[in-house]
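Numbered from 1 within each chain, the chains take letters A, B, ... in sequence-line order.
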Protein chains: 2
Amino acid sequence: MKQTAFCRAELVAVLLNVRKDTPCVLTLENGQALPSGPLTMGGHSLQKELCRWVEQQTGVVLGHTEQLYTFADTQVADKSRLVRISYMALISSHSDQTIAERSIYDYFPWEDRRNTEAQALLQRIVLWLKNWAGKNVVQQRRCARLFGLPPHSWNDELALDRYELLWEAGLVHEAKHFEGQIQSGLPMQADFRRVLATALSRVRAKIRYTSVVFDLLPETFTLLQLQQAMEALAGCWMHKQNFRRLVLQQKLVEEAGAFDTPQQGRPAKLYRFRPEAGQNCYLAGAKLPLTPLL
Amino acid sequence: MKQTAFCRAELVAVLLNVRKDTPCVLTLENGQALPSGPLTMGGHSLQKELCRWVEQQTGVVLGHTEQLYTFADTQVADKSRLVRISYMALISSHSDQTIAERSIYDYFPWEDRRNTEAQALLQRIVLWLKNWAGKNVVQQRRCARLFGLPPHSWNDELALDRYELLWEAGLVHEAKHFEGQIQSGLPMQADFRRVLATALSRVRAKIRYTSVVFDLLPETFTLLQLQQAMEALAGCWMHKQNFRRLVLQQKLVEEAGAFDTPQQGRPAKLYRFRPEAGQNCYLAGAKLPLTPLL
DNA sequence: GGTACATATGCTCAATTTGAGTATATGTAC
DNA sequence: GTACATATACTCAAATTGAGCATATGTACC
């Protein structure tokens, strides 16, 4: 075994947020970077350190926080290692801090299946991939699985895998052999976009079987707001009545006793999350209660 | 922001394996440690580095490998940070390497709900916890949720959370204020047992909705073997006929054309995993097809 | 050959859960 | 009070699941 290596360590944060029907991320440097900073010495857990540090930097109070992934790049300059520990944190959308946020889908347009323009882009991507895969059956299958082609159906949780595939296929700016024909979302510095893709995959998986969506909502909310948050994150439409049934039957929420004050239409009841429901709610078994494709 | 901190970095590996009906882990130092070593310099990805390093050390070829969690302990000696990046890797049970393995349930006896002795232990743990929680409603609820008391049911995926709760309650040796009344599984050095608990939780979650179980099985296997691997990991019995139905209906496997040669009983067909099935199989929606509690 | 055993495999059926609607209620703006 | 927009209630067939019984096919031993 080789000698112990000293290296630098950094924390990277993906701060997520939902504004009405858009999932947002806090970015720096004109949308090209995620907040990050060196790991300091001291007796705190990484998680606590991150929270404190983000609060100092942005004034934002973090909700659910979770570690994503640790990358270890080799620095070209001195061949030393740079360890990047990435975290995802959810911010309640009621918090009125003005922070520079962008839609996650600015970076992954193909992930928003509610947007018809983006779906046209997806068509072009798929064509390119078909060409890229050529006669390689393994890659053909991979493309089919990841992009929901014929035998398969679209799986929103595979956002990270899709990004990695596009990277390999040279379809994103960060790729080594980028081929610039297709407008494939905003690029970011370093590995940041990959970290963001990791966060998207993770949060999409987690909203299904935990109560993390509620960390993105204000204290009280309507069922429509809840549904919109889910739709924003999952990037697809859901069946309204069935969604309500799912939520109410499981007693995940309780009435807050007040009503919404909408611009139009009948005011909706306000609800609040029932902490007794705990972490394990099935806000959608494995499949989301989708709306039928038009 | 403080100055950049240099720190040491280590890799830790949880190597998992299933022997008939027991989930095993490769350990060192008489079961007290997990294989670990310093992160070396060099241009490889962490994952590749880990694989190569484990192969060198143990001669074992790794199947599915995945990052678990990164811990950052503060060293007492010089106040520097030690970053530990932990990985879980699955080993096909056909590999005939003789490696020193222990049952995972030696470390977490309460997690094996197939074992009646262990369930007696669980009774005692729950009593202790009730006493520990006292009148603190939050902790009472937490205990109830994690240990499947009245309103809740047992959730095998919460192994990590349970370990953390026991740690806080001073019921495991590693805890700061350990109270040694209850024989609560073998202890390990440093954070290793926590890393192992992370792996257990992770693998239990993953076998439900991905094909990782197959990485633990030999090339061809019977449906019973598949079921036993699931049962070993989940720590509970499953309904045989319904399990078969689930697997066969989804076409996750194909007949290998040969038969098992058992000691007793009718020989079972051998199957092999169908790679076309891809990663996303629902080997159990959210709930496992359990056998009714006698 | 036949009996005991042990496991594999096939099949049934009621109870739930899901998918996709239709129908009705209750607010605002004009 | 009419148009609109959204909320909420309820229905019903299809699919999935939970639990079980029945039958098939092997070995070991008399």
- Note on the structure: Here the distance between atom C1' of dA8(C) and atom CG of Leu248(B), to the nearest Å, is 12 Å

- Task: Can you sort out the partners of Arg244(A) under side-chain contact (heavy atoms from CB on, under 4.5 Å), two or more places apart, ordered by chain and number?
- Result: Leu223(A), Leu248(A)

- Provide, to the nearest angstrom, the distance between the CG atom belonging to Asn242(B) and the C1' atom belonging to dT9(C). 13 Å

- Query: What orientation do Phe214(A) and Phe221(A) show, parallel under 30°, tilted 30 to 60°, or perpendicular over 60°?
  - Reply: tilted

- Could you state the atom-to-atom distance from CG of Leu226(B) to P of dT9(C) in whole Å? 12 Å

- Starting at the 5' end of DNA chain C and moving along, which residue's nearest nucleotide shows up first, Arg266(A) or Pro267(B)? Pro267(B)

- Atom CG of Leu246(A) and atom P of dT18(C) are separated, to the nearest Å, by 6 Å

- Under-3.5 Å donor-acceptor pair between Arg245(A) side chain and dG19(C) base: yes

- Go through the N and O atoms of the side chain of Gln249(A) and the base of dT18(C), and report whether any donor-acceptor pair is under 3.5 Å. no

- Item | Minimum side-chain heavy-atom gap Gln225(A)-Lys20(A) below 4.5 Å | no

- To the nearest Å, how far apart are Gln241(A) CD and dC10(D) P? 13 Å

- Length of the CZ-P vector between Arg244(A) and dG21(C), whole Å: 19 Å

- Message: Applying a 4.0 Å non-hydrogen cut-off, can you work out what Leu223(A) is touching in the nucleic acid: base, sugar-phosphate, or nothing?
- Response: nothing

- Query: Given pairs defined as Watson-Crick or G-U wobble with both distances under 3.5 Å, what dot-bracket annotation applies to DNA chain C, with ( ) intrastrand, [ ] crossing, | other strand and . unpaired?
  - Reply: ||||||||||||||||||||||||||||||

- Note on the structure: Those residues at least two apart in sequence (or on a different chain) that pass side-chain contact (heavy atoms from CB on, under 4.5 Å) with Ala256(A) are Thr220(A), Leu270(A), Arg272(A)

- Message: So, does Lys269(A) get its side chain near the phosphate of dA7(D), meaning an N or O under 4.0 Å from OP1 or OP2?
- Response: no

- Note on the structure: From NZ of Lys240(A) across to C1' of dG19(C) the rounded distance in Å is 17 Å

- Message: Without decimals, in angstroms, what is the distance between Phe243(B) CZ and dT9(C) P?
- Response: 13 Å

- Query: Among side-chain atoms of Gln123(A) and Gln119(A), is any donor-acceptor pair under 3.5 angstrom?
  - Reply: no

- Nucleotide of dA6(C), dT9(C), dG21(C) approaching His239(A) most closely (side-chain heavy atoms): dG21(C)

- Query: Regarding Arg113(B) and the six-membered ring of Trp154(B), is the cationic atom NZ or CZ under 6.0 Å from the ring centre and inside 45° of its axis?
  - Reply: yes

- Residues Asp156(A) and Arg162(A) bridged, charged N to O under 4.0 Å: no

